[in-house]
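Accompanying notes for the structure given below.
The analysis underlying the following values was restricted to heavy atoms, covering all of them including side chains, and did not include hydrogens, waters or symmetry mates. Note that the structure is a prediction, hence the values are computed from the model and not measured. Atoms within a ligand are numbered from 1 in the order they appear, just like the ligands themselves.
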Amino acid sequence: MSGTHDRATEAAAIEAVPTGLFINGRWQDADGGGTLDVLDPSTGQVLRQVADATAKDGVAALDAAAAAQPEWGASAPRERSDILRRAYEALLDRQDDLALVMTLEMGKPLAEARGEIAYAAEFLRWFSEEAVRIDGGYATSPDGKARFLVMRQPVGPCLLITPWNFPMAMGTRKIGPAIAAGCTMVIKPAKQTPLSMLCLTEILHEAGVPDGVLNTITTSTAGAVMEPLIRDGRARKLSFTGSTEVGRTLLEQCSSTLMRTSMELGGNAPFLVFEDADLDAAVEGAQAAKMRNGGEACTAANRFYVHESVADEFARKLADAIGSQVVGRGVDDGVTLGPLIDQAALDKVERLVADAQAKGATVVTGGQTVAGDGYFYQPTVLSGVPDSADLRHTEIFGPVAPISTFSTEDEAVTAANDTEFGLVSYVFTDDLARALRVCERLESGMVGLNLGVVSNPAAPFGGVKASGLGREGGRVGIEEFLEIKYVGLPRP
Ligand code: NAP
């Protein structure tokens, strides 16, 4: 396979990434000098070693964040806005280098990595604009005897925890509003993909984030490092993106200090195709909703329900579209589907597909692991998937589209809502009355109506049920990092 980049270019991009902990404005080694290996999922080989923070390092990071909070919280909104704006521009200036690092550590094709850098940068631009629009209120009490002042103030030091699937954008979606609101922070990226966050940290530092405001710690022992910080009492907010299972554990820990939380958790998105839908548009939407990020997205369509009159045609067209994807190393020319993140992810996809087949599903395309190095799985479409199949109830997090049929609208909505999750749903129909009826009934925080990708920094992203608490992005995104204070005073 001929590569877009030769190995020397790849090595140089990785070599340029800082590998220390970033605490109080200084890069430093972990206490005791430990390191953790970062692997390339397309080869299974070690790419780089980064500092492996201990609990002591975590406390040092929180010390720095707590010490910096008073001055940062009182800083001028325009100063915070300008820092974010400079970082936005720097991300775009360095888009190609950053995309290469991201592809190497996470596996997604370069075009998608470039797309994520642009998406990540947009959060910084959006929140640079929000920083100067934090407002309050002034009112007279109903009986005319008092005045009310309402002010919004930074929550205080924040703990931010991000997953590996969008290593840069899940960071800026939290760091952007935290900086805009005047909060200091300790951020911990996933151990599989720390390099993108380390690059982002360097960029934010160069953009003028003062010492102590942003502290980045990488570690192989997330629980041991983060739990003491959650229970410490000085951090006032936890913003977490990751699995529902870990989210539940963290919520329990946060109850000890009644810390405010934002939880962006797992999904099990239904994708409904009605008989009146534009089928080609539905296939295009399905491809985006399923294959963006190789299916490793919380928003990935996980369950396809297609009206029985169009199900065969839909399955055939989706198999043609998905089946023609080119699997390989994300850095190579023409590749549109990279590897899964690790062996455990590959094992899970293999197990889910085998289980569905054993219970009666038919493989329309794909259905196999790709032989050789790395964690590659073929783009796959399954039809006739019974409700008893495990993948109906589990986040697949891989390039597998399981299709079932329905006969009535009520049946489709009931099936869509039959899950503990509620992040996003997709609906394809050309009937406006049905579209609105179904959107109202779906139990999810977001709906893609004739649209396969809903994520947008200017829109409120988030879920209901076991998919989480709170929203990121949009006008409400900054509210998650602000407290409301009400001042009552007499009216003479
Ligand atoms: P994960 O295993 O829950 O890990 C997420 C983050 O939590 C990582 O940084 C991880 O660190 C850390 N973590 C794990 N255990 C912890 C603990 N006991 N205490 C503190 N931190 C801990 O999830 P993932 O596999 O990285 O990501 C995939 C999941 O994220 C999927 O369920 C996906 O749906 C969800 N997700 C949701 C959204 C959304 O916006 N709703 C967006 C993207 C992804 P280590 O990596 O070091 O273990």
Side-chain angles (χ1 to χ4, degrees), residues 36-39 41 50 52-53 55 58 105-106 108 116 119-120 123 159-174 186-194 196-197 216-231 235 238-254 259 261-269 292-302 340-342 344-345 348 394-398 419-424 444-446 454-457 459-473 477 480:
L36 76 91
D37 290 344
V38 182
L39 307 182
V50 301
D52 189 358
E105 71 171 342
M106 189 275 166
K108 68 181 73 182
E116 183 179 338
Y119 173 53
F123 282 106
L159 305 177
L160 313 177
I161 302 178
T162 56
W164 50 263
N165 61 345
F166 291 99
M168 184 76 83
M170 297 303 95
T172 57
R173 201 161 79 168
K174 299 182 191 307
V186 176
I187 186 158
K188 192 211 79 64
K191 60 179 172 299
Q192 290 103 326
T193 58
S196 294
M197 187 65 72
T216 303
I217 50 175
T218 50
T219 180
S220 63
T221 53
V225 172
M226 296 311 287
E227 184 171 357
L229 308 190
I230 293 170
R231 296 190 187 278
L238 171 69
S239 180
F240 171 74
T241 299
S243 62
T244 295
E245 188 191 355
V246 173
R248 283 197 173 103
T249 301
L250 296 177
L251 274 173
E252 278 175 25
Q253 294 173 6
C254 287
M259 190 185 293
T261 58
S262 296
M263 292 277 153
E264 296 288 350
L265 308 178
N268 183 9
R292 176 169 177 250
N293 223 40
E296 293 177 312
C298 53
T299 50
N302 208 59
L340 292 166
I341 189 69
D342 55 22
K348 180 182 176 189
T394 312
E395 254 187 322
I396 302 168
F397 246 55
T419 169
E420 69 163 329
F421 297 102
L423 187 61
V424 59
S444 57
M446 303 176 286
V454 294
S455 306
N456 191 305
F461 186 104
V464 299
K465 296 161 74 178
S467 288
L469 304 167
R471 295 292 180 270
E472 291 190 318
E480 303 273 333

Taking any residue with a non-hydrogen atom under 4.0 angstrom from an atom of ligand 1, which ones do you get?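 Ligand 1 is contacted, at a heavy-atom distance under 4.0 Å, by Ile161, Thr162, Pro163, Trp164, Asn165, Met170, Arg173, Lys188, Pro189, Ala190, Lys191, Gln192, Thr219, Ala222, Gly223, Met226, Phe240, Thr241, Gly242, Ser243, Val246, Leu250, Glu264, Leu265, Gly266, Gly267, Cys298, Glu395, Phe397, Leu423, Phe461.
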Contact summary for Ala222 and Lys188, nearest pair of heavy atoms: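 Shortest heavy-atom separation between Ala222 and Lys188 comes out as CB-CE, 3.7 Å.
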Mind listing the closest non-hydrogen atom pair of Phe461 and Cys298 along with its distance?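 Distance-wise, the nearest heavy atoms are CZ-SG, 4.0 Å.
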Between the main-chain N or O of Ser196 and the side-chain N or O of Glu105, is there a donor-acceptor pair closer than 3.5 Å?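 A pair under 3.5 Å: yes.
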Please name all residues satisfying side-chain hydrogen bond (donor to acceptor under 3.5 Å, both in side chains) with Thr419, sequence neighbours left out, ordered by chain then number.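 In terms of side-chain hydrogen bond (donor to acceptor under 3.5 Å, both in side chains), with neighbours along the sequence ignored, Thr419 is linked to Asn268.
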Is the closest side-chain donor-acceptor distance between Glu472 and Ser262 under 3.5 Å?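 No, no side-chain donor-acceptor pair sits under 3.5 Å.
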Under 3.5 Å side-chain donor-acceptor pair for Thr394 and Lys348: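 Thr394 vs Lys348: no donor-acceptor pair found between side chains.
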